[in-house]
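Reading through the structure tokens given below for one structure.
Index from 1, following the sequence. Atoms considered below: every heavy atom in the structure, side chains included; atoms not considered: hydrogens, waters and symmetry mates.
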Amino acid sequence: VFIAMKGAQGSEELEEALRAVSLLGAEVCEDRKISLTDGERHLAVIKKISATPAVYPRASAKIKKSPL
């Protein structure tokens, strides 16, 4: 399980990342909103469900040319 802290627009950020999460063999289990002293944040709980394909990780040049 991986927990990523996202900004106040966490749900929107998570929507954009769903394809990449799936490609890497994971799924989003929960998107929890929390309040901190300086504003709201989102905690994305991501669970590994299958092996990461052998083509990952990629070289930085390939990442720049073709982001997930």
Which atoms form the tightest heavy-atom contact between G7 and H42, and what is the distance? O-CD2, 3.4 Å
Can you name the nearest heavy-atom pair linking M5 to L36, along with the distance? SD-CD1, 4.3 Å
Do K62 and V55 have side-chain heavy atoms sitting under 4.5 Å apart?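 Side-chain contact under 4.5 Å: no.
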Heavy-atom side-chain contact between L68 and R58 under 4.5 Å: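 In short, these two side chains touch, coming nearer than 4.5 Å.
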Applying the side-chain contact (heavy atoms from CB on, under 4.5 Å) test to V21, which of I49, I46, L14 qualifies?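 So the option named by the test is I46.
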To the nearest 0.5 Å, how far apart are CD in Q9 and CD in E40?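 Interatomic distance, Q9 CD to E40 CD, rounded to 0.5 Å: 9.5 Å.
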Say whether, by atom type as modelled, one donor and one acceptor occur between the side chain of K33 and the main chain of A8 under 3.5 angstrom.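 Here the side-chain-to-backbone pair does not exist.
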Heavy atoms from other residues, nucleotides or ligands near NZ of K48 exceed 12 (cutoff 6.0 Å): yes
Decide whether Y56 and I63 are clustered together by the hydrophobic rule: side chain heavy atoms of Ile, Leu, Val, Met, Phe, Trp, Tyr closer than 4.5 Å, transitively.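 No, separate clusters.
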Are F2 and L18 connected in a single hydrophobic cluster, I mean Ile/Leu/Val/Met/Phe/Trp/Tyr linked by side-chain heavy atoms less than 4.5 Å apart? yes
